[in-house]
Amino acid sequence: AGALRRALALEPDYPDALTEYAFYHVMMGYMFADPRVELAKARGLVERALKLDPDHGEAQAGAAIMSVVLDWDWLAAERHFRRALELASFASGETQRSTADPERLQLYARLGRTLELSAQHATAVAVYAEMERVAQADGDQAIVLASLLARAAIRTTVNFARDPVEGQALLERAQIL
């Protein structure tokens with residue numbers, strides 16, 4: 001945190017430092033300090049980063065997290081996560097959305113979970129399937145497994161996207177990994 005404070009003292013309008021410092025406050029709020037105070041600080045930093053650079057992917061992800069944990073605004077969270085994914089794809093120079101990286105795969109997982117929480121189970125299944133496709137292109141079997149298990153959980157629990165046969169097939173694929 002000290003290095004981020006020093007960076008911001010030298011360059012107060014640096015979106016990367018603002019966003020990283022926001023994530024620091026999120027973690028402080030989850031683990032060590034009053035979450036109301038820390039999350040309010042995080043929100044202010046994310047909003048400032050977005051004001052400086054609306055196309056900053058990490059700031060978009062931060063805004064999505066703020067939408068979930070502070071506002072319970074699933075639509076805003078979905079919008080910010082999708083924008084962050086779009087920016088991550090653009091930043092990697094992709095044209096076919098095939099390059100996997102841990103941060104991007106985390107965005108898929110968070111978007112999928114947000115969709116689940118807002119009862120958009122079928123859309124969450126589609127996001128997790130895309131996450132699997134990207135992870136397979138990169139050979140990341142751990143993320144493939146996470147995708148299979150997330151989709152199996154949706155398909156085997158009571159919701160409008162329930163499909164026990166598909167859920168079983170997904171679990172069998174997961175078991176093979």
Requested in this report: Would you name the heavy atoms of Ala161 and His121 that are closest together and state the gap between them?
Outcome: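 In terms of heavy atoms, the two residues are closest at CB-CB, 3.6 Å.
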Query - Audit row: Trp74, Arg79, side-chain contact (heavy atoms from CB on, under 4.5 Å) steps and yes/no - result: CA-CA 9 Å; Trp74 312 121; Arg79 186 177 67 251; over 6 Å; no
Requested in this report: Tell me who clusters with Leu10, hydrophobic residues only, linked when side chains sit under 4.5 Å apart either directly or through other members.
Outcome: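 Listed partners: none, Leu10 stands alone.
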Query raised in the report: In the hydrophobic clustering that connects Ile, Leu, Val, Met, Phe, Trp and Tyr at side-chain heavy-atom distances below 4.5 Å, which members other than Leu148 occupy its cluster, ordered by chain and number?
Result: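 Direct or chained contacts put Leu148 with Val144, Leu145, Leu149, Leu170, Leu171, Leu177.
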**Report entry** No-hydrogen, no-angle side-chain donor-acceptor test under 3.5 Å, Glu116 and Tyr128
**Finding:**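 Yes.
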**Report entry** Distance-only donor-acceptor check, side chains Glu172 and Gln168, under 3.5 Å
**Finding:**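 Yes, a side-chain donor-acceptor pair sits under 3.5 Å.
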Nearest-0.5 Å distance that lies between atom [atom1] in [X] and atom [atom2] in [Y]:
{"X": "Ser67", "Y": "Phe81", "atom1": "OG", "atom2": "CZ", "result": "8.5 Å"}
{"X": "Leu52", "Y": "Asp16", "atom1": "CG", "atom2": "CG", "result": "11.0 Å"}
{"X": "Tyr21", "Y": "Leu8", "atom1": "OH", "atom2": "CG", "result": "7.5 Å"}
{"X": "Thr19", "Y": "Arg48", "atom1": "OG1", "atom2": "CZ", "result": "10.5 Å"}

With side chains defined as the heavy atoms from C-beta onward, is the minimum distance between [X] and [Y] less than 4.5 Å?
{"X": "Thr156", "Y": "Pro164", "value": "no"}
{"X": "Ile143", "Y": "Met131", "value": "yes"}
{"X": "Arg133", "Y": "Glu130", "value": "yes"}
{"X": "Arg83", "Y": "Asp55", "value": "yes"}
{"X": "Asp73", "Y": "Met66", "value": "no"}

Requested in this report: Decide side-chain contact (heavy atoms from CB on, under 4.5 Å) for Val127 and Arg82; before the verdict, give the C-alpha distance in whole Å, the side-chain angles of both, and the deciding distance to 0.1 Å.
Outcome: CA-CA 10 Å; Val127 166; Arg82 287 189 185 280; 4.0 Å; yes
Query - Reference residue Val26; test side chain to side chain contact (heavy atoms under 4.5 Å, CB included); the match among Leu39, Leu45, Val46 - result: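 The side chain to side chain contact (heavy atoms under 4.5 Å, CB included) with Val26 is passed solely by Leu39 among Leu39, Leu45, Val46.
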Report task. Not counting sequence neighbours, which residues clear ring-ring contact (aromatic ring centres under 6.0 Å, His included) with Phe23? List them please. Result ->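 Scan of Phe23 (ring-ring contact (aromatic ring centres under 6.0 Å, His included), adjacent residues dropped) gives none.
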Query - Worked verdict on Leu107 versus Leu111 for side-chain contact (heavy atoms from CB on, under 4.5 Å) - result: CA-CA 6 Å; Leu107 288 171; Leu111 172 58; over 6 Å; no
Side-chain atoms of residues 57-65: list all donor-acceptor pairs with protein atoms under 3.5 Å, sequence neighbours left out, distances to 0.1 Å.
unit_1, atom_1, unit_2, atom_2, d
Gln60, OE1, His80, ND1, 2.7
Gln60, NE2, Pro54, O, 2.9

Report task. Could you name each residue pair satisfying side chain to side chain donor-acceptor pair (under 3.5 Å) that touches residues 35-47, not counting sequence neighbours? Result ->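 The answer is His25-Glu38, Asp34-Arg36, Arg43-Asp71.
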**Report entry** Residue pairs passing the side chain to side chain donor-acceptor pair (under 3.5 Å) test where at least one lies in residues 141-152, sequence neighbours excluded
**Finding:**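 As it turns out, the side chain to side chain donor-acceptor pair (under 3.5 Å) pairs with a partner in residues 141-152, which skip direct neighbours, are Glu132-Arg151, Ser147-Arg151.
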Query raised in the report: Could you go step by step and tell me if Tyr108 and Arg104 meet the side-chain contact (heavy atoms from CB on, under 4.5 Å) rule?
Result: CA-CA 7 Å; Tyr108 277 113; Arg104 180 162 169 217; 3.1 Å; yes
